[in-house]
*Asks:* 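Pasting in a structure now, in structure tokens, and then I'll have a few things to ask.
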Amino acid sequence: MSPEEIKSESNTPKDFIREIVVEDLKSGKNGTRVHTRFPPEPNGYLHIGHAKSISLNFGIANEFSGKCNLRFDDTNPVKEEVEYVESIAADVKWLGFDWEDRMFYASDYFDTLYKYAEDLILKGKAYICDLNAEQTRLYRGTLTEPGKDSPFRNRSVEENLDLFRRMKAGEFEEGSKTLRAKIDMSSPNINMRDPVMYRILKTEHHRTGDVWQIYPMYDYAHCVSDAVEGITHSICTLEFEDHRPLYDWFLDEIQTQYHPQQIEFARFNLSYTVLSKRKLNELVQKKLVDSWDDPRMPTLAGFRRRGYTPASIRNMCEKVGVAKRENITDIAFLEFSIREDLNKHALRTMAVLNPLKVTITNYPDDSTEELDAVNNPEDPAAGTRKVPFSKVLYIERDDFKVDPPKGYFRLFPGNEVRLRWAYFVKCTGYNLDESTGEVSEIFCTYDPASKGGDSPDGRKVKGTIHWVSAADAIDGEVRLYDRLFSVYNPNDVEEGKSYLDYINPDSLKVLQNCKLEPSLTNAVAGINYQFERQGYFCVDSKDSKPGSLVFNRTVTLRDTWAKMENKSKTS
RNA sequence: UGCCUUGUGGUGUAAUUGGCAACACGUCUGACUCUGGAUCAGAAGACUUAAGGUUCGAGCCCUUACAAGGCAGCCA
């Protein structure tokens, strides 16, 4: 990108990180390079919070003709597994980002890290400490009191080097020794109080197997990994702000060729859900959801199974912006984003979720006809399809009322509505189920002249409802998903309660024997459909089988009628 | 009670060397409509945490408060 382009770009509003990048490009700090990285620890599945970090890092690289690496921060073998690296890579790819040939691991640099550690020892900037974990904590001091020097702080370089090599060789027990940076035990920044660089861990590593007995800590490994990869801007979340002086200290002491700049931004939070790995894990462990990819989970796997598109997630991340203040993004942003995308792209179909039988009394008994239905009014290129019509149909139970409330303009005795893409029908009567008192079926007459959905006499109807031919319908299961929690911020609840007390009991409703239009027979996972007037749905990738289809509701359509009803109920 | 960071409509973000607080979501009207969807038009909603100060003029600069978040793993 030329300086002129950078200049003109800088007129449009930018977040503070992109501003820094632009400034660095102008000053030539890193030449013309922009190089970021997304550095997940492979100890869990990616969630929507990671999506923001991913689109920030890859997005910046793309915008400035730079590069973004995928790097697994795998310095703690006791928590990390290959299963996670695979799912993480798949999720990043699904989101639509490409690390090309740059998938790296912090463990790729274990040799380098070790060598630099010896250099630091040689410089007298690191020492082997025999304090155990408990003692280390005591010596560290507190937030308000300075720490005390470790009694091992002044070992000779020779002794330190010897001990470190023997640590590496596996001569010592776990927890018996650490390598520490020699900085300042009285620093007001606790991270600078001789932080541990290496600990002894006799656990097999998912990539390096059992060759290492010692593993580097995050603070040491991360900055060096960034430097080795030539990262220019190392973007992380706010809780690492206090670590920045340490990040810089290591790189200054080691004198790496590159010295990336760490920049912190506020992590993403979403209303009506939780995003901590611990809490998400607890939901799975306690079987409050069925797995990590349960469509109610805010994991990328969950959103994917729910029917969210990568574009909708990327768009939301962009719109939400990036800053340094605590925030909770309303899930309405995400819902807007998915509706915006699906409205343009989803194929319209008709599906009756709670069927009510309708007999068209003046329609010939054994006749069926094929009517043309538009696949997507937003996209003429999507074409049309045929839908079978016959004497007996199903309509949505909610679309008929014996006693319609004010403003209701669907079916009720004496009222005429349009069956979408079919005919005008007028309700002439209904039967009640004697035991329950519920409407069991209704009767209508149709106007043959209104075929296709318009009456030649110019007569208008207020309501249009969806329907499906009883003889041609296929049965299917439909899972209606809603927000997982019933409160805006489940992380901040009444004293004595936990987020688990606020799980939305109606987050999942399963409907059996829904009646779907026959064109849905061959529906497959990965395609988004709109069930007209209801919402967007997709085939469940796990439980759906040909012949016994299962659909997930991604999100409802906006429903201003429901809003009006709710308002009159509460007022 | 130490250090770091952050306070702008309900929510998320803007405001270019100090110059009428902008945009999006949400909310509310109305129009249109073969989806009570979409679309279109419009409205309401913030004296920018508070109090001082500098200035012709402060969301922006300076004080001092207050509030929120983070930090005492051999986690990341």
Side-chain angles (χ1 to χ4, degrees), chain A residues 10-11 13-15 19 39-41 43 73 75-76 78-80 129 131-133 136-138 140-147 174-180 187-193 195-201 214-215 217-219 221-222 236-245 264 266 268 271 277 316 319-337 339-340 343-344 348 350 373-374 377-378 407-410 418-422 452-454 460-466 488 530-535 556-565:
Chain A
S10 67
N11 291 330
K14 251 181 202 66
D15 58 75
E19 246 158 43
E41 181 186 15
N43 72 343
D73 226 324
T75 56
N76 185 1
V78 325
K79 288 187 175 176
E80 296 150 6
C129 179
L131 258 23
N132 64 30
T136 306
R137 185 173 65 75
L138 261 18
R140 183 157 36 228
T142 69
L143 295 177
T144 51
E145 301 156 33
E174 277 190 21
S176 64
K177 283 183 169 44
T178 56
L179 177 72
R180 295 230 251 163
S187 171
N189 182 346
I190 291 194
N191 296 300
M192 302 299 273
R193 319 238 261 234
V196 172
M197 292 171 61
Y198 270 92
R199 77 287 215 190
I200 301 169
L201 248 30
I214 56 174
Y215 291 91
M217 297 286 290
Y218 167 87
D219 284 307
H222 202 89
C236 63
T237 44
L238 247 32
E239 69 269 26
F240 294 103
E241 213 152 23
D242 289 342
H243 296 240
R244 193 182 341 127
E264 312 84 13
F268 177 84
S271 66
K277 276 180 191 168
M316 187 212 59
K319 281 185 182 156
V320 138
V322 25
K324 295 188 79 163
R325 73 178 92 131
E326 283 290 314
N327 62 82
I328 300 177
T329 296
D330 197 322
I331 197 164
F333 274 90
L334 225 207
E335 292 175 347
F336 168 81
S337 194
R339 287 188 183 113
E340 183 186 42
N343 176 49
K344 287 189 202 109
R348 315 287 128 124
M350 292 195 284
V374 170
E378 303 291 320
Y408 187 84
F409 51 68
R410 281 113 91 166
R418 172 169 36 234
L419 295 178
R420 177 142 241 224
W421 309 123
D454 283 302
K460 297 285 183 200
V461 288
K462 199 85 162 94
T464 299
I465 64 176
H466 61 278
Y488 191 84
Q530 183 189 107
F531 290 177
E532 292 217 38
R533 304 208 305 127
Q534 311 198 86
T556 61
L557 252 29
R558 275 185 69 213
D559 189 346
T560 47
W561 171 249
K563 211 178 281 174
M564 281 165 67
E565 268 189 314

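Note: hydrogens, waters and symmetry copies are ignored here, and every other heavy atom, side chains too, is used.
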*Asks:* Tell me: NZ of Lys277(A) to P of A76(B), nearest whole Å?
*Replies:*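 Going from NZ in Lys277(A) over to P in A76(B) covers 11 Å.
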*Asks:* Can you tell me how far P of G37(B) sits from CD of Gln530(A), to the nearest Å?
*Replies:*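 Distance, rounded to whole Å: 11 Å.
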*Asks:* Strictly by Watson-Crick or wobble contacts shorter than 3.5 Å, is anything paired with A31(B), and which nucleotide is it?
*Replies:* U39(B)
*Asks:* Please state whether the base of G70(B) and the side chain of Asp242(A) form at least one donor-acceptor pair under 3.5 Å?
*Replies:* yes
*Asks:* Tyr215(A) OH to C75(B) C1': how many Å, rounded?
*Replies:*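 Taking OH of Tyr215(A) and C1' of C75(B), I get 15 Å after rounding.
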*Asks:* Within 90° of 0 counts as syn, otherwise anti: where does G59(B) fall?
*Replies:* anti
*Asks:* Is Ser176(A) close to Ile200(A) at the side-chain level, that is, under 4.5 Å between some pair of heavy atoms?
*Replies:*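 They are in side-chain contact.
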*Asks:* Select base, sugar-phosphate, or nothing to describe what Leu201(A) touches, counting heavy atoms under 4.0 Å on all strands.
*Replies:*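 Nothing, no nucleic acid heavy atom in range.
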*Asks:* Does this structure show an ion pair linking Arg244(A) with Glu264(A), if we count only N-O contacts that are shorter than 4.0 Å?
*Replies:* yes
*Asks:* Could you check whether Tyr218(A) and the base of A76(B) form a stacked pair, meaning centres closer than 5.5 Å and planes differing by less than 30°?
*Replies:* no
*Asks:* In the strands shown, is A65(B) matched to any nucleotide by a Watson-Crick or G-U wobble pair with both distances under 3.5 Å, and which?
*Replies:* U49(B)
*Asks:* Starting from P on G12(B), measure out to OH on Tyr488(A) and report it in whole angstrom.
*Replies:*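 Taking OH of Tyr488(A) and P of G12(B), I get 6 Å after rounding.
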*Asks:* Phe409(A) stacking on G36(B): centroids under 5.5 Å, ring planes under 30°?
*Replies:*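 So Phe409(A) counts as stacking on the base.
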*Asks:* Hey, is the side chain of Arg410(A) pairing donor to acceptor with the base of G36(B) inside 3.5 Å?
*Replies:* yes
*Asks:* Hey, is the side chain of Glu378(A) pairing donor to acceptor with the base of G37(B) inside 3.5 Å?
*Replies:*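 Checked by distance alone, the answer is yes.
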